[in-house]
Amino acid sequence: MALTENRPFPLGRMLLYAACAPILLLLVLPTLIIVPMALTKGQLIQFPPIWISIHSFTDYLADETWVSSTIVSFKISILAVVIGATAGSFAAIGLHKRDFPGRNIVAGLILAPIIIPGIVLALGDFLLLAPMHLIGSWTTIAILHALLVTPYVFISVQTSLTVGLSPTLIRSARSLGAGRLAVLRFVHWPAIRPGLLAGAVLGFAVSFDEVVLALFMQGSTTVTLPVRMFQAIEYDLTPKIMAAASLFIALALLGLTVQALTAKRARPA
Amino acid sequence: MTASSSGALPQPRRFLRLLNFRDSLWLLAPIATLYGIFALIPFALIVRFAFADGGTHFATVLESRILVRVATNTVVISLMTTVVALVLGYILAAGLWRAGPKMQRVMLAFVMLPFWTAVLIKNFAWAALLQDNGLANTILQGLGLTNGPVTLLHNRLAVIIGMVHYVLPYAVFPIYSAMQAIDRKVERAARSLGAGTPSVIWFVILPLTLPGVYSAALLVFVVSVGFFITPVILGSPADMMIANLVNYYVRELVDFNAGAALALMILGAVVPLIVLQQSMGRGGRHGAH
């Protein structure tokens, strides 16, 4: 607190804030216009909208293909998070405080799926799965999305372990006779929980928003919500897009809130 | 060392360490299975498809006239995105760094909200803002800057706006963490020696934050190169980028070999940048989440 008061040159700080304000406004503006746009009376996608009607929402809910896409998207993201959270947190525990040659390479490889262009992963998996007739199944998309969830869970669980777990705790638990599973349950589990939650929430958002893998792996009954929206934006601009987009905004706000809450809880510890 | 001297575990230390390692090895089984089947094997398949029939598929890709155009698009658009994102990101990072705790929380929320919003939704919103009867044109005409609507959508400018909006958090966090690492005493020392704000920024803060800037630049550029949705929604066909070309080979021409060859070429260009970025240390990690 004291630092904020004795900073020299308040004029410089005012200029800095003045420069930040328009950037911040442009950052949030696109997110903020979605819901008002969805409430338009008209059939056109426009801002400012003609207020006020909920027809885009009722159209969306009445369209079986859009509803089934929404359900498929939720199923995929939930399964992807379960798989990714397991793989990511186990890997973070397994690599915690372990030094061996090539550790950085292993950690880098774990992050690779979220850094390399998605189209490369999509093509490779298409080459693998198409001959096996596994394209078009929602579990396929979920497993591939787990590749994107895993790195986020890995990073945040790793952070939790570094912040909240002292290695002496594991050693004393072992010396007191705790088995491997007991150590996992009573030492690691409480330590990783905040990171696991944060990583899983972010991973859910990443999976729910993903377009490229879902586009390559789509089948007649497995068109995820973002893929349906992407195709609707390209071919027929229906107000249903805005209703579906409002759902994404609601989920984003929910994710942001959970993240803020877990960050706050982690701080005093 | 302390563990073996406690006397509770009489085994030799090397054996213990081996046991420890095997202990934790099974924890890597889920990730190894997932990555092995759905990332490593697909990568091997890309290599096999690309190199099938000698190097002819690389020749197909390299000789197509569209490649040069698309590759140029990708590099130019990604570089412009990187430069704009770094400038804006630096200003935001400085604001975050200098803000009081309350103001900082508000600014962070403003930066994180778009980070949580799907790229598709953000691009769609930009399309609505930039279209002929959109808010941007309404404002331009309201200010009397133009008489009729200006075409702002389906061009390169729109693609760059959409991409900068997406990558800005990736630029902010590495720079911000470089700023946080600056020792305030250095700045005070410079001021006590008579340096004004501009020279403090230029000679003290900027050099000390350069590693963060480099890390952010690499991260933003790598992320930009892979863009697929934004050129389709906000660009014109002339703004096609490299990921769209892979998609075109695979899904329109159904030429998996050429698609695989192009994918390998992208990896060849991008992987060294990723390795460089990762080896630059902590800065980039912050941007990845």
Side-chain angles (χ1 to χ4, degrees), chain A residues 4 8-9 12-13 16-17 19-20 23-24 27-28 30-31 33-34 37 45-47 86-87 90-91 93-94 98 108 111 113-120 123-125 127-128 143-144 146-147 150 152 155-156 171 175 180 205 209 211-212 226 229-230 233-234 241 245 248-249 252 255-256, chain B residues 3 6 8 23-24 27-28 30-31 34 38-39 41-43 45-46 49 88 91-92 94-95 98 100 107 110-114 116-122 124-126 128-129 133-135 168 191 197 222 225-226 228-229 233 243 246-247 250 256 259-260 263 266-267 270 274 278 288-289:
Chain A
T4 44
F9 296 105
R13 198 135 60 97
L16 185 57
Y17 286 165
C20 284
I23 307 174
L24 290 171
L27 268 175
V28 293
T31 311
I33 66 164
I34 292 289
M37 279 204 307
I45 286 161
Q46 62 185 72
F47 189 85
T86 310
F90 276 28
I93 296 171
R98 211 155 292 279
L111 300 188
I114 54 173
I115 308 179
I116 61 165
I119 193 91
V120 178
L123 170 60
D125 275 297
L127 296 177
L128 171 71
I143 293 171
L144 297 186
L147 281 172
T150 305
Y152 289 105
I155 296 170
S156 63
R171 252 181 273 147
S175 71
R180 292 171 198 180
D209 299 348
V211 178
V212 181
M229 291 168 71
F230 182 56
I233 292 170
E234 267 190 288
I241 300 169
F248 281 82
I249 301 294
L256 194 62
Chain B
S6 70
D23 240 22
S24 61
L27 288 165
L28 299 180
I31 202 171
L34 182 66
F38 297 100
I41 296 177
F43 174 70
L45 282 172
I46 289 181
F49 270 77
L88 300 183
I91 296 171
L92 281 184
R98 288 281 140 150
M107 289 178 74
F110 273 63
V111 176
M112 290 313 282
L113 182 62
W116 280 88
T117 311
V119 58
L120 189 66
I121 310 298
K122 285 183 282 196
F124 173 67
W126 276 114
L129 287 171
N133 60 348
L135 188 63
L168 201 48
R191 288 199 192 278
T197 300
V222 167
V225 166
F228 175 80
I229 301 165
I233 295 181
V246 177
N247 182 58
V250 173
F256 297 127
I266 298 173
L267 279 185
V270 161
I274 297 174
Q278 293 283 318
H289 63 280

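The chains referred to below are lettered A, B, ... by the order of the sequence lines, with proteins before strands, and numbering in each begins at 1. Computation of the quantities below employed the complete heavy-atom set of this structure, encompassing side-chain atoms and omitting hydrogens, waters and symmetry-equivalent molecules.
For B/W116, there are no ring pair (Phe, Tyr, Trp, His ring centres under 6.0 Å) partners, not counting sequence neighbours. Considering only residues two or more places apart in sequence or on other chains, A/F90 meets the ring pair (Phe, Tyr, Trp, His ring centres under 6.0 Å) condition with B/W26.
The part of A/I249 that comes within reach of chain B is its side chain, from C-beta onward, which places non-hydrogen atoms under 4.5 angstrom from that chain. For chain B, the nearby parts of A/L256 are the backbone and the side chain; heavy atoms of each come within less than 4.5 Å. Looking at A/L144, only its side chain comes within 4.5 Å of chain B, counting heavy atoms on both sides. For A/I233, the part lying under 4.5 angstrom from a heavy atom of chain B is the side chain only. Interface residue A/P226: backbone and side-chain heavy atoms are both found under 4.5 Å from chain B. Interface remark: A/I34 contributes side-chain atoms only to the contact with chain B (heavy atom separation under 4.5 Å). At a 4.5 Å heavy-atom cutoff, the contact between A/F230 and chain B is made by backbone and side-chain atoms alike. Within the 4.5 angstrom heavy-atom criterion, only side-chain atoms of A/A205, from C-beta onward, approach chain B.
If you tally non-hydrogen atom pairs under 4.5 Å between each of B/P30, B/G226, B/A260 and chain A, the highest count goes to B/P30. When B/I41, B/L92, B/L88, B/V246 are compared by the number of non-hydrogen pairs under 4.5 Å with chain A, B/L92 comes out ahead. Comparing B/I274, B/V119, B/V270 by how many heavy-atom pairs each has under 4.5 Å with chain A, the most go to B/I274. The candidate from A/A252, A/A19, A/P117 with the greatest count of non-hydrogen atom pairs under 4.5 Å with chain B is A/A252. Heavy-atom pairs under 4.5 Å with chain A peak, among B/V225, B/N133, B/N247, B/V222, at B/N247. The most heavy-atom pairs under 4.5 Å with chain B, out of A/V212, A/I116, A/L16, come from A/L16.
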Determine, step by step, whether B/V250 and A/I119 satisfy the side-chain contact (heavy atoms from CB on, under 4.5 Å) criterion, reporting the C-alpha distance in whole Å, the side-chain angles of both residues, the deciding distance to 0.1 Å, and the verdict.
-> CA-CA 10 Å; B/V250 173; A/I119 193 91; over 6 Å; no
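When every heavy atom of A/A91 is checked against every heavy atom of B/I31, the shortest pair comes out as CB-CD1, 3.7 Å. Between B/F110 and A/V28, the shortest heavy-atom contact is O-CG1, 3.5 Å. The minimum heavy-atom distance between A/D125 and B/P42, with the atom names listed, is OD1-CG, 3.3 Å. A pairwise comparison of heavy atoms in B/G95 and A/C20 identifies CA-SG, 3.8 Å as the closest pair. Listed here is the closest heavy atom pair of A/G108 and B/Q278: CA-OE1, 4.5 Å. In this structure, B/A125 and A/I33 approach most closely via the heavy-atom pair O-CD1, 3.7 Å.
Between A/L27 and B/L113, every side-chain heavy-atom pair lies at or beyond the 4.5 Å cut-off. For the pair B/I46 and A/L127, the minimum side-chain heavy-atom distance is below 4.5 Å. Side-chain contact check for A/D209 versus B/L120: every heavy-atom pair is 4.5 Å or farther apart.
We find the CE-CG distance between A/M37 and B/L129 to be 7.0 Å, quoted to the nearest 0.5 Å. Separating the CZ atom in A/R13 from the OG1 atom in B/T197 is a distance of 12.0 Å, to the nearest 0.5 Å.
Crowding of B/F43 atom CZ: a count of heavy atoms from other residues, nucleotides or ligands under 6.0 Å not exceeding 12.
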